[in-house]
Amino acid sequence: MPTVLITGANRGLGLEFALQYAADGWRVHACCRNPSIASDLAELAEGAKGQVVVHRLDLCDFSAVDALADELSSEPIDLLLNNAGVYTKGGYAAAVYDKAFGKSDFEDWEKVFRVNAFAPMKMAEAFVDHLASTEQGKLVTISSDMGSIGLNSTGGSYSYRSSKAAVNCLMRSLSLDLAEKGIIVALLHPGWVSTDMGGPDADITPQTSVSGMRGVIESLKPGQTGCFKSYQGKTLPW
Ligand SMILES: NC(=O)c1ccc[n+]([C@@H]2O[C@H](COP(=O)([O-])OP(=O)(O)OC[C@H]3O[C@@H](n4cnc5c(N)ncnc54)[C@H](OP(=O)(O)O)[C@@H]3O)[C@@H](O)[C@H]2O)c1
C-alpha cells in the first residue's frame, strides 16, 4: 500500500486528495491545523479504520513539522503533497480588484510567504529521508498559474503571485539537488477550482481537479523532475 502525506487536508483540494487516495487504497497521513473541527476528515479516518491518520500541523510552526517527521521516522512516504496555501488577507477581491498597489500589507505578505513558499521547503527538508526510502519518492507542490511570470497578463495579487513564483523557483532547485536521491519533484496548477479559495464561480470542481492531478502525478517519470504542469498535464511557462 503506497503512502501519501497531505498538508491542508481538512477542506478544499487537500480533503479531496485525501478522499481519492484513501478510496484508492493508499495509506493517508492527513495534516491539518485543527483536527477538532475537521469533521470531514474525522469521518474519513473513522471509516478507513487506520488507513487514514489525521495529524495536527500548522505550517507556520516549523518545530511541529520536525516533530511530525520524527514521529513518522520509520514510515517511508511515496508522495509528499504540499497542498496547503493561503491567498491574502481580504481574499481575491482585495488582491485583484483594487490591485493592492500602494496598499501593500507587508506583514500579511510575510505570512503568505511563510505558508506558500517557506513551508513547502521546510516540509521537503524534514521529510527528505522518508521520500528517499521508497522506490520512487515524489515531492509535489500545488502551485498556481498565478505564479507564472510568463502568464501574468492581469497584474495585482502581489503577495500570492510572488509566493507561488518563489515556490516554483525553490522546487525547481530542489529537483536538481534531490535527483541523486531518486526523488521526483513537481509543481502543479490545479485549475480554477470551486473551493473556499477559488470561490463558487470557478471553472471546475475539486473532484475534476484532483482526478486530473492524480493522473499527472502517477505518470511522472524521473526525466520530468522539476516540471510545472497543469492538472491536465500541460507544461506551463515559468
Ligand atoms: N482553488 C483554486 O482555484 C486554486 C488555484 C490555484 C492554486 N490553488 C492552490 O491549491 C492549494 C489548495 O487550495 P484550496 O483551493 O484547496 O484552498 P482552501 O480551500 O482555501 O484550503 C486551504 C487549505 O490550506 C490550509 N492552510 C492554510 N494555512 C495553513 C497553515 N498555516 N498550516 C496548515 N494548513 C494551512 C487550510 O487550513 P485551515 O482550514 O486551517 O485554514 C486549508 O486546509 C493551495 O496551495 C492554493 O494556492 C488553488
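What you see below is based on every heavy atom in this structure, not just the backbone, and it leaves out hydrogens, waters and symmetry mates. Order of appearance sets the numbers: ligands from 1, and atoms from 1 within every ligand.
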Report the nearest protein non-hydrogen atom to atom 2 (C) of ligand 1: residue, atom name, distance rounded to 0.1 Å. V193 N, 3.6 Å
Looking at ligand 1, is there an atom of it that comes within less than 4.0 Å of some heavy atom belonging to Y160? yes
Regarding S230 and D145, is there a side-chain donor-to-acceptor distance under 3.5 Å anywhere? no
Under 4.0 angstrom from ligand 1, any heavy atom of G191? yes
Which segment of N83 sits under 4.0 Å of ligand 1 when only heavy atoms are counted: both
Look up atom OG1 in T7 and atom CG in L81, then write down how far apart they are to the nearest 0.5 Å. 7.5 Å
Taking only non-hydrogen atoms of T7, do any sit less than 4.0 angstrom from ligand 1? no
May I ask whether A202 has any heavy atom positioned less than 4.0 angstrom from an atom of ligand 1? no
Are any side-chain N or O atoms of Q136 and backbone N or O atoms of G182, one a donor and one an acceptor, separated by less than 3.5 Å? yes
Among E16, R33, R56, closest by heavy atom to atom 29 (C) of ligand 1 is R33
Do any nitrogen or oxygen atoms of L13 lie less than 3.5 angstrom from nitrogen or oxygen atoms of ligand 1? yes
Go through the steps to decide whether K164 and N116 satisfy the test side chain to side chain contact (heavy atoms under 4.5 Å, CB included), and finish with yes or no. CA-CA 7 Å; K164 292 296 190 181; N116 292 0; 4.1 Å; yes
With heavy atoms and a 4.0 Å threshold, my read on which part of V115 contacts ligand 1 is side chain
Tell me, which protein residue and heavy-atom name are nearest atom 32 (N) of ligand 1, and how many Å apart are they? L59 N, 2.9 Å
The criterion is salt bridge (charged side-chain N to carboxylate O under 4.0 Å, His left out); which residues satisfy it with R214, sequence neighbours excluded? D24
Per-atom contacts, ligand 1 versus G85 - under 4.0 Å to a heavy atom: 22 (C), 24 (O), 27 (C), 44 (C), 45 (O)
P190 neighbourhood, listing ligand 1 atoms whose heavy-atom distance to it stays under 4.0 Å: 4 (C), 5 (C), 6 (C), 7 (C), 8 (N), 48 (C)
Could you check if a side-chain atom of S163 sits within less than 4.5 angstrom of a side-chain atom of W109, using non-hydrogen atoms only? no
Contact between ligand 1 and S143 is defined here as a heavy atom of the residue under 4.0 Å from a ligand atom; is it met? yes
Does atom CD1 (I149) have a neighbourhood of more than 12 heavy atoms from anything else shown, all under 6.0 Å? no
ILVMFWY cluster, L131 and L170 together (side-chain gap under 4.5 Å): yes
What atoms in ligand 1 come closer than 4.0 Å to a heavy atom of L57? 32 (N), 33 (C)
Could you tell me, atom by atom, which parts of ligand 1 come under 4.0 Å of a heavy atom of G8? 25 (C), 43 (O)
Side chains of L236 and F228: does their closest heavy-atom pair fall under 4.5 Å? yes
Please could you name the atoms of ligand 1 that G12 approaches to less than 4.0 Å, counting only its heavy atoms? 16 (O), 19 (O)
Side chain, backbone, both or neither: which part of K164 comes within less than 4.0 Å of ligand 1 when only heavy atoms are counted? side chain
Any chance you could measure L72, atom CG, to F127, atom CZ, to the nearest 0.5 Å? 5.5 Å
So how far is it from Y21 OH to I6 CD1, rounded to the nearest 0.5 Å? 7.5 Å
Atom 10 (O) of ligand 1 has as its nearest protein heavy atom I142 CG2, 3.2 Å
List every atom of ligand 1 that sits less than 4.0 Å from any heavy atom of D196, numbering the atoms from 1 in the order shown and giving each element. 19 (O)
Tell me: protein heavy atom nearest atom 36 (C) of ligand 1, and distance? R11 NH2, 3.7 Å
Above 12 or not: heavy atoms from other molecules or residues under 6.0 Å from CD of E43? no
Co-membership, hydrophobic cluster, residues V112 and M123, 4.5 Å side-chain: no
Interfacing atoms of ligand 1 (cut-off 4.0 Å, heavy-atom, D58): 30 (C), 31 (N), 32 (N)
Quick check on contacts: which atoms of ligand 1 are under 4.0 angstrom from a heavy atom of A84? 24 (O), 25 (C), 26 (N), 34 (N), 35 (C), 45 (O)
Purely on distance, is any nitrogen or oxygen of S144 under 3.5 Å from one on ligand 1? no
